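Beneath this line is the structure, given in structure tokens, with notes to follow.
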Amino acid sequence: MTRDIALVAFAQTDHRRSSDELSEVEMLMPVLHEVLEQTGLKTADIGFTCSGSSDYLAGRAFSFTLALDGVGAWPPISESHVEMDGAWALYEAWTKLLTGDADTALVYAYGKSSPGSVRDVLTRQLDPYYLAPLWPDSVALAALQAQALIDAGDTDERALAAVAARSRADASANSHAQLARPVPQGDYLVQPLRTGDCPPIGDGAAAVVLAAGERARDLCERPAWIRGIDHRIEAHGLGVRDLTDSPSTRLAAQKAGAFERPVDTAELHAPFTSQEIVLRGALRLDDTVRVNPSGGALAANPIMAAGLIRVGEAAAAIHRGDSDRALAHATSGPCLQQNLVAVLEGDPR
Amino acid sequence: MSKEPVAVVGIGQTKHVAARRDVSIAGLVREAARRALDDADLTWADVDAVVIGKAPDFFEGVMMPELYLADALGAVGKPMLRVHTAGSVGGSTALVAANLVAARVHATVLTLAFEKQSESNAMWGLSLPIPFQQPLLAGAGGFFAPHVRAYMRRSGAPDTVGSLVAYKDRRNALKNPYAHLHEHDITLEKVQASPMLWDPIRYSETCPSSDGACAMVLTDRAGAARAPRPPAWMLGGAMRSEPTLFAGKDFVSPQAGKDCAADVYRQAGIADPRCEIDAAEIYVPFSWYEPMWLENLGFADEGEGWKLTESGVTELDGDLPVNMSGGVLSTNPIGASGMIRFAEAALQVRGQAGEHQVEGARRVLGHAYGGGSQFFSMWLVGSERPDA
């Protein structure tokens with residue numbers, strides 16, 4: 001790899017339980033405008049555009065086509081879309097910049113969970129012949145993982161509650177967070193997970209701008225250089241996986257260079273408290289690392305954007321000078337099936 | 001910044017049919033992937049990453065099916081990306097995979113696109129009502145028919161041109177063992193006598209609804225040197241998008257399509273596509289889109305595309321054969337259709353297209369489009385390595 005690529009701008013919505021009065025495009029537009037304003041770029045200046053979203057959340061086929069209208073794709077733009085979290089759209093944009101075909105990229109993602117029952121909707125991700133007909137919901141599957149961790153002696157309910165309390169306390173400094181206040185741990189939703197162990201259901205969008213080499217320095221005072229980025233997938237069937245571990249996260253981190261030097265900050269896409277325990281283990285994060293200073297997915301989890309937001313938050317920490325080397329993680333699929341890890345660095349101070 | 005040259009060393013397709021009731025979605029995609037690996041003489045272990053594409057998830061009723069398909073495609077422990085750019089997705093998927101090789105992120109990438117339309121109902125999948133938005137009227141044909149009318153009015157094309165395209169593509173399909181429609185008794189008169197669906201589009205001028213998958217193995221120079229059969233080299237590839245609906249949009253010849261083709265030709269050093277390109281696999285879901293896209297792609301001047309079709313230039317034995325495989329008009333597993341165009345272009349320059357081979361094809365265009373004629377993806381492949 002001969003080209004340095006950085007995140008130079010990041011914007012996100014205020015994440016909310018419901019946004020009935022807004023279409024997806026209306027939710028997304030202010031974020032697109034804001035991220036471009038940060039760099040002074042216009043749509044026509046962007047070399048490549050890539051987005052992540054899901055038709056199943058929108059409840060209609062080709063839902064991303066209308067979001068494209070909001071980008072202002074005229075004259076025509078070089079553009080692509082992944083039916084995945086926006087973190088993977090960022091990965092596609094990163095490879096595009098590596099080829100040298102473009103010097104800047106706009107990446108965005110959005111998801112509205114409020115129109116449907118997200119626990120039911122996510123069951124449609126499962127093996128359509130053997131698993132999906134049983135409608136096992138996302139909280140129930142996460143609870144299986146949490147119970148496996150407890151049975152293995154890796155955590156207990158009190159430790160999980162501490163993860164929830166820390167995340168929501170940290171979120172009080174994040175004006176975009178949906179749950180930026182102490183949240184009672186509550187009753188069991190699916191044992192051993194209580195409502196406090198689970199993410200809020202909400203709507204939101206995010207966008208970042210990437211730039212290569214000197215272009216990044218022109219656009220941002222302290223670019224967040226992508227030192228490595230990799231993603232890996234595991235088997236779909238929960239019965240063939242060790243739910244107390246995340247080998248795909250570990251491998252992605254290794255390929256991204258995360259273990260070469262310690263990071264000071266980690267933004268982990270762990271919608272359930274128990275998943276933070278799994279990820280901390282796989283990523284070898286000790287107590288010296290600030291984990292999810294934004295509050296993480298436990299404070300705001302707009303599906304399809306939450307992973308991109310982790311990368312954006314990690315980059316923003318570098319932009320602000322709060323971090324010199326940060327790790328960002330995104331996940332997809334039941335019980336952390338697919339994981340992406342990016343390592344970001346600021347210039348030495 | 002130098003890019004790694006990208007070679008196609010393996011191609012696999014399923015026999016496309018209306019309903020593959022004998023296999024699951026996983027079985028369908030694995031069949032195409034296995035054939036592509038066999039063609040490249042590689043095993044699952046040789047694959048560094050998997051890039052998969054298909055059109056909307058509602059077509060099979062599975063949300064983000066790549067999660068469930070990871071095992072079937074040997075992707076466990078590897079990176080797996082899922083692309084979705086509407087009808088152009090098969091082409092876009094191949095280009096995303098090609099970029100992984102070109103950027104030297106991975107050496108060998110398996111890319112695959114599929115649609116198993118029999119699992120669900122495509123008409124339903126496209127017709128979910130959304131408040132405050134114009135529905136696609138009576139499926140895709142209802143949306144595209146007025147644009148065909150606009151083309152006829154603008155170009156003065158006689159109303160027989162569409163049936164010529166359909167008759168040609170259905171005859172070409174007879175030479176392609178993987179094509180869905182094998183109409184052995186097809187005649188021009190039968191096409192012209194078929195029922196009118198969306199005036200001026202007749203039943204025999206429309207694409208079928210297919211189950212099918214297409215896969216390719218893309219690799220770098222070192223991988224190509226080990227390949228058992230001649231590779232196809234990517235000479236240029238691009239995607240372009242424009243909004244679905246706006247006052248200035250030219251639905252007959254969208255700017256995004258022109259820009260996309262121009263970018264591909266620039267990369268490949270093509271000054272005169274009509275003379276320098278030997279054949280084309282073009283996304284023609286309704287017959288009239290052959291002359292329309294011939295103009296949009298720069299093979300003919302505006303208003304002249306139908307003359308190429310009418311004079312036989314686009315026939316299999318013509319000067320610029322188009323859709324030698326039978327095209328989308330004969331085979332349409334929607335999410336895979338774009339990749340089939342790309343793969344058929346590669347088969348031609350590898351000399352592996354069998355009965356529908358164009359003799360001496362050295363540079364062939366693969367083309368896909370999607371949405372309301374708003375997403376375009378194309379590649380030009382050649383028999384010679386671009387930096388050789």
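A, B, ... follow the sequence lines: proteins, then strands. Residue 1 opens every chain. Given the structure is predicted, the values throughout are model-derived calculations rather than measurements.
Contacts of A/L68 with chain B are made by side-chain atoms alone, with heavy-atom separations under 4.5 Å and no backbone atom involved. Of the two parts of B/I25, the backbone and the side chain both hold a non-hydrogen atom closer than 4.5 Å to a non-hydrogen atom of chain A. Both the backbone and the side chain of A/S332 come within less than 4.5 Å of a heavy atom of chain B. Heavy atoms closer than 4.5 Å to chain A are found in the side chain of B/F375, but not in its backbone. Looking at A/L251, the atoms closer than 4.5 Å to chain B (heavy atoms on both sides) all sit in the side chain, from C-beta outward. If you measure heavy-atom distances from A/Q125 to chain B, the contacts under 4.5 Å come from both the backbone and the side chain. The part of B/Q374 that comes within reach of chain A is its side chain, from C-beta onward, which places non-hydrogen atoms under 4.5 angstrom from that chain. When heavy atoms are compared at a cutoff of 4.5 Å, A/A132 does not approach chain B at all.
Chain A forms more heavy-atom pairs under 4.5 Å with one residue of B/E4, B/M64, B/M80 than with any other, namely B/M80. Between chain A and the residues B/A26, B/S24, B/A75, the most heavy-atom pairs under 4.5 angstrom are made by B/S24. Among B/A86, B/S377, B/A102, B/A70, the residue making the largest number of heavy-atom pairs under 4.5 Å with chain A is B/A86.
Rounding to the nearest 0.5 angstrom, the gap separating the NE2 atom in A/H231 from the NZ atom in B/K78 is 13.0 Å. Interatomic distance, A/F48 CZ to B/N99 CG, rounded to the nearest 0.5 Å: 7.5 Å. Distance check, rounded to the nearest 0.5 Å: OG of B/S241 to CH2 of A/W74 gives 12.0 Å. Rounding to the nearest 0.5 Å gives a distance of 6.0 Å between OG of A/S54 and CG of B/D57. A/E79 contributes atom CD, which lies 11.0 Å from atom CZ of B/R240 (distance to the nearest 0.5 angstrom). How far OG1 of A/T95 is from NE2 of B/H106: 9.0 Å, rounded to the nearest 0.5 Å.
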Using side-chain contact (heavy atoms from CB on, under 4.5 Å), reason through A/H81 and B/V83 one step at a time and then give a plain yes or no. CA-CA 6 Å; A/H81 171 262; B/V83 180; over 6 Å; no
Test side-chain contact (heavy atoms from CB on, under 4.5 Å) on A/E83 and B/E66; report intermediate values, then the result. CA-CA 10 Å; A/E83 192 83 357; B/E66 71 279 5; 5.6 Å; no
Mind running salt bridge (charged side-chain N to carboxylate O under 4.0 Å, His left out) on A/D101 and B/K3 for me, showing each step along the way? CA-CA 9 Å; A/D101 285 344; B/K3 285 191 280 186; 3.0 Å; yes
Apply side-chain contact (heavy atoms from CB on, under 4.5 Å) to residues A/V121 and B/M63 and explain how you reach the verdict. CA-CA 8 Å; A/V121 170; B/M63 177 184 185; 4.0 Å; yes
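By the 4.5 Å heavy-atom criterion applied to side chains, B/T85 and A/S80 are counted as neighbours. Proximity of B/V76 to A/I233: side-chain heavy atoms (C-beta onward) are nowhere separated by under 4.5 Å. Within the 4.5 Å cutoff, the side chain of A/Y91 has no heavy atoms near those of the B/V96 side chain. In this structure, the side chains of B/D71 and A/H236 come closer than 4.5 Å at one or more pairs of heavy atoms. Contact of the B/R82 side chain with the A/Q338 side chain is not registered, since no non-hydrogen atoms from C-beta on lie closer than 4.5 Å.
More than 12 non-hydrogen atoms from other residues, nucleotides or ligands lie less than 6.0 angstrom from NZ of B/K258. Annotation: B/F246, atom CZ; neighbour count of heavy atoms from other residues, nucleotides and ligands within 6.0 Å is above 12.
Closest approach of A/W88 to B/L81, counting heavy atoms only: CD1-CD2, 3.7 Å.
Between A/F62 and B/H84, the ring planes are tilted. Angles from 30° to 60° get that label. Under the 30°/60° scheme for interplanar angles, the aromatic rings of B/Y68 and A/Y129 are found to stand perpendicular.
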